Amino acid sequence: KNIVIHSLCKAGDFDKALDLLRDNNGSCDFESDVVSYNTVIWGFCKHGLLEMGLGLVSEMVKRGVEFDNFTFNILMKGYCEKGMLRNAELVMEMLCGDANRDGGIRGDVVGFNTLIHGYCKDGKVSNGFQLMESMVRAGVLPDVVTYNTLIDSLCELGDFDSAKILMDELLECNDSRANDGEKRYSLVSGVGLQADNITYNSLIDWCGKKYRIEEALAMYKEMIAKGIDPDVVTYSSVINALLKSGRLAEAKSLFHEMVQEGVDPNHVTYSTFVDYFFKNRSAMVALSLQSQMVVRGIAFDNVVFTVLIDGLFKVGRARAAKDMFQNLLDSNGQPNQITYSALIDGLCKIGDMEGVESVLQQMKERNFQPNVVTYSSIINGYVKSGMLEAAINVMFDMVSHDVVPNAFTYSALIDGCFKAGTKDIAEGLFEDMKFRGVDEN
RNA sequence: GUUAUGUUUUUAGAAAA
């Protein structure tokens, strides 16, 4: 029953999930338990419906279903994803507070990790570190997930060196003689921690994205030497780094290596390659990989579809790209902002501005707001079609929707103004751009 | 198959001049 509830929630079918939870049809032999409730609350939170989840919490009280740690952790995650970090933290403070001294549910390591992640994603790593200290005070020891969260977030902020230092500490925790007090966190963090594949994946991926391929490869070798098995994420990440640097041969050999090691390439691995081949004029190879995915029963997600749509347009197969989009809709996939932007850009490139407008319409009907990329594409499209006025109107439209133009937007429009011989407007735009503090390149 | 299956935290791929 709980498994069914889980799938229903994942699919967003809450009516059925609630029916089952409350046994509205009176046909289920199993009582709903705390897991059932947790699952539905989790589902609501995942879909951004925190309030609904909170409603279920009161229902649990009414029905006398006891909370557990999962319940609170799910709620904290829900608050974090809504940006209500303070609320999440209050939940934790309540769980760790004196009022909850005996008998009650205490905050646990997952809860703290959730909070730390929430703050880190908001760019507040220092709050993350503070939380790590307060968890120790509350008697909860940080684990490898805590470290991984902080390490990844330090990378994201570009502070690779600190991330590495933190990893070294993580390793030294394991090593009792290393703790002579000079390191800040190893003393508090307990013993027995080991860097794992996720630790390495974060660092490797960051290096790859900075085109520091050799360092990435070195760490890849290092993890193997330590007996940590690379997983599909490791491989996909390194392959991505190699391909983005045009090192196809090495990427291919890694692909074979992973298969040999018994790690199955997944939709991410494939889409990385497919994207590369489309962008490097090897449409045939890209398409053959696509059918290989089908043969191997790898499901297409949103990104795979986006890669295909974008790629087909880029190799001049607009018809096939549009069909692919239809395909996505038919298979009940959910196009997102990026999917729509790829489609719209493709249509712009072939000058089908009517098509663009109708997709734009559809996008809005589905409650996806065009973003700066979408708008810039459209502006560029109108400019290239010689419809400067329409382009300018899009700019107004965008500003009126509080979407801030960036360098892409301006340069498309300025380019158009020059071509139309309205130099004064172009210069006006340029001034406007500087005024707004957009980088001029 | 019963230190079995289910709910919570960290890492990889996609769009514009």
Side-chain angles (χ1 to χ4, degrees), chain A residues 1-6 9 33-43 45 68-78 80 108-118 120 143-153 155 196-206 208-209 231-241 243 266-276 301-311 313 336-346 348-349 371-381 383-384 406-415 441:
Chain A
K1 174 173 176 175
N2 289 334
I3 300 173
V4 176
I5 291 180
H6 185 230
C9 286
D33 59 5
V34 60
V35 175
S36 323
Y37 274 96
N38 287 344
T39 307
V40 181
I41 296 172
W42 168 82
C45 289
D68 64 6
N69 263 316
F70 284 63
T71 318
F72 290 110
N73 292 337
I74 292 167
L75 288 174
M76 280 190 266
K77 178 74 177 166
C80 285
D108 67 2
V109 64
V110 173
F112 275 106
N113 289 340
T114 305
L115 280 180
I116 292 174
H117 181 238
C120 285
D143 64 2
V144 66
V145 175
T146 320
Y147 276 90
N148 287 343
T149 306
L150 291 165
I151 286 172
D152 184 61
S153 156
C155 283
D196 64 6
N197 47 7
I198 296 184
T199 321
Y200 275 97
N201 290 346
S202 287
L203 295 165
I204 289 173
D205 186 60
W206 185 84
K209 288 207 163 58
D231 60 7
V232 64
V233 175
T234 323
Y235 284 110
S236 302
S237 177
V238 178
I239 286 173
N240 183 44
L243 289 178
N266 64 9
H267 57 291
V268 177
T269 327
Y270 273 98
S271 65
T272 309
F273 274 108
V274 170
D275 184 56
Y276 169 84
D301 70 356
N302 222 318
V303 179
V304 178
F305 276 112
T306 306
V307 168
L308 289 167
I309 292 166
D310 177 61
F313 270 120
N336 60 21
Q337 221 179 27
I338 301 183
T339 320
Y340 276 112
S341 296
L343 175 62
I344 286 174
D345 181 60
C348 284
K349 294 275 153 64
N371 63 13
V372 60
V373 176
T374 328
Y375 278 118
S376 303
S377 258
I378 300 173
I379 289 173
N380 185 45
V383 164
K384 293 281 155 30
N406 63 14
F408 281 83
T409 328
Y410 279 107
S411 74
L413 203 50
I414 291 174
D415 185 49
N441 285 315

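For clarity, every value in this text was computed on a predicted model and none was experimentally measured. Order of the sequence lines sets the chain letters (A, B, ...), proteins ahead of strands, with each chain counted from 1.
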Engineer: Across the strands shown, which category fits A:Ile198 at heavy-atom distances under 4.0 angstrom: base, sugar-phosphate, nothing?
Structural biologist: base
Engineer: What interatomic distance, in whole Å, is found between C1' of B:G1 and the corresponding atom of B:U5?
Structural biologist: 10 Å
Engineer: Are A:His117 and B:U10 close enough that a side-chain N or O sits under 4.0 Å from OP1 or OP2?
Structural biologist: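 Yes, A:His117 has a side-chain N/O under 4.0 Å of OP1/OP2 on B:U10.
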Engineer: Describe the nucleic acid contact of A:Val238 in one word from base, sugar-phosphate, nothing, applying a heavy-atom distance below 4.0 Å.
Structural biologist: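 It contacts nothing in the nucleic acid.
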Engineer: So A:Asn371, base contact, sugar-phosphate only, or nothing? Heavy-atom distance under 4.0 Å.
Structural biologist: base
Engineer: So, is A:Trp42 near the phosphate of B:U8, with a side-chain N or O under 4.0 Å from OP1 or OP2?
Structural biologist: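 Affirmative; the distance criterion is met.
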Engineer: Report yes if at least one side-chain N or O of A:Lys77 is closer than 4.0 Å to OP1 or OP2 of B:U10; otherwise report no.
Structural biologist: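 Yes, such a contact exists.
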Engineer: Name the nucleic acid region contacted by A:Ser271, choosing base, sugar-phosphate or nothing; use a 4.0 angstrom heavy-atom cut-off, strictly under.
Structural biologist: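 If one applies the 4.0 Å heavy-atom cut-off, A:Ser271 turns out to touch a base.
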Engineer: Would you mind classifying the nucleic acid contact of A:Thr272 as base, sugar-phosphate or nothing, using non-hydrogen atoms under 4.0 angstrom?
Structural biologist: sugar-phosphate
Engineer: For the side chain of A:Asp231 and the base of B:A12, is some donor closer than 3.5 Å to an acceptor across the two?
Structural biologist: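 Per atom types, no contact qualifies.
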Engineer: Base, sugar-phosphate or nothing for A:Thr306? Non-hydrogen atoms, less than 4.0 Å.
Structural biologist: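 The residue A:Thr306 makes base contact.
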Engineer: What contact category does A:Asp68 fall into here, base, sugar-phosphate, or nothing, at under 4.0 angstrom with non-hydrogen atoms?
Structural biologist: nothing
Engineer: Identify, with sequence neighbours excluded, every residue that meets side chain to side chain donor-acceptor pair (under 3.5 Å) alongside A:Asp152.
Structural biologist: A:Ser202
Engineer: Return the CD1 to CH2 distance between A:Ile151 and A:Trp206, rounded to the nearest 0.5 Å.
Structural biologist: 13.5 Å
Engineer: For A:Thr149, does its backbone N or O pair with a side-chain atom of A:Ser153 as donor and acceptor, under 3.5 Å?
Structural biologist: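 No.
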Engineer: Output the rounded distance in Å from CZ (A:Phe112) to P (B:U10).
Structural biologist: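 Interatomic distance, CZ of A:Phe112 to P of B:U10: 17 Å.
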Engineer: Could you check whether A:Ser376 gets within reach of a base, just the sugar-phosphate, or nothing at all, counting any heavy atom under 4.0 Å?
Structural biologist: base
Engineer: Just to be sure I understand the rule, does A:Val145 reach a base, reach only the sugar-phosphate, or reach nothing, if contact means heavy atoms closer than 4.0 Å?
Structural biologist: base
Engineer: Assess, by modelled atom type and distance only, whether the side chains of A:Thr409 and A:Asn406 contain a donor and an acceptor separated by less than 3.5 Å.
Structural biologist: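 Present: a donor and an acceptor within the cut-off.
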Engineer: Heavy atoms under 4.0 Å, any strand shown: does A:Asp196 hit a base, just sugar-phosphate, or nothing?
Structural biologist: nothing
Engineer: In this structure, which one of A:Asn148, A:Asp196, A:Asp231 forms a side chain to side chain donor-acceptor pair (under 3.5 Å) with A:Asn201?
Structural biologist: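 Of the listed residues A:Asn148, A:Asp196, A:Asp231, the side chain to side chain donor-acceptor pair (under 3.5 Å) partner of A:Asn201 is A:Asp231.
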Engineer: Could you tell me whether A:Ser341 contacts a base, only the sugar-phosphate backbone, or nothing, with contacts defined as non-hydrogen atoms closer than 4.0 Å?
Structural biologist: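 Here A:Ser341 touches the bases of the nucleic acid.
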Engineer: Look at all strands and tell whether A:Asp415 reaches a base, only sugar-phosphate, or nothing, counting heavy atoms closer than 4.0 Å.
Structural biologist: nothing
Engineer: Under 4.0 Å from OP1 or OP2 of B:A16: is there any side-chain N or O of A:Lys349 that close?
Structural biologist: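 Indeed not, no polar side-chain atom of A:Lys349 lies that close.
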Engineer: Take atom C1' in B:G13 and the same atom in B:A17, then report the distance between them in whole Å.
Structural biologist: 24 Å
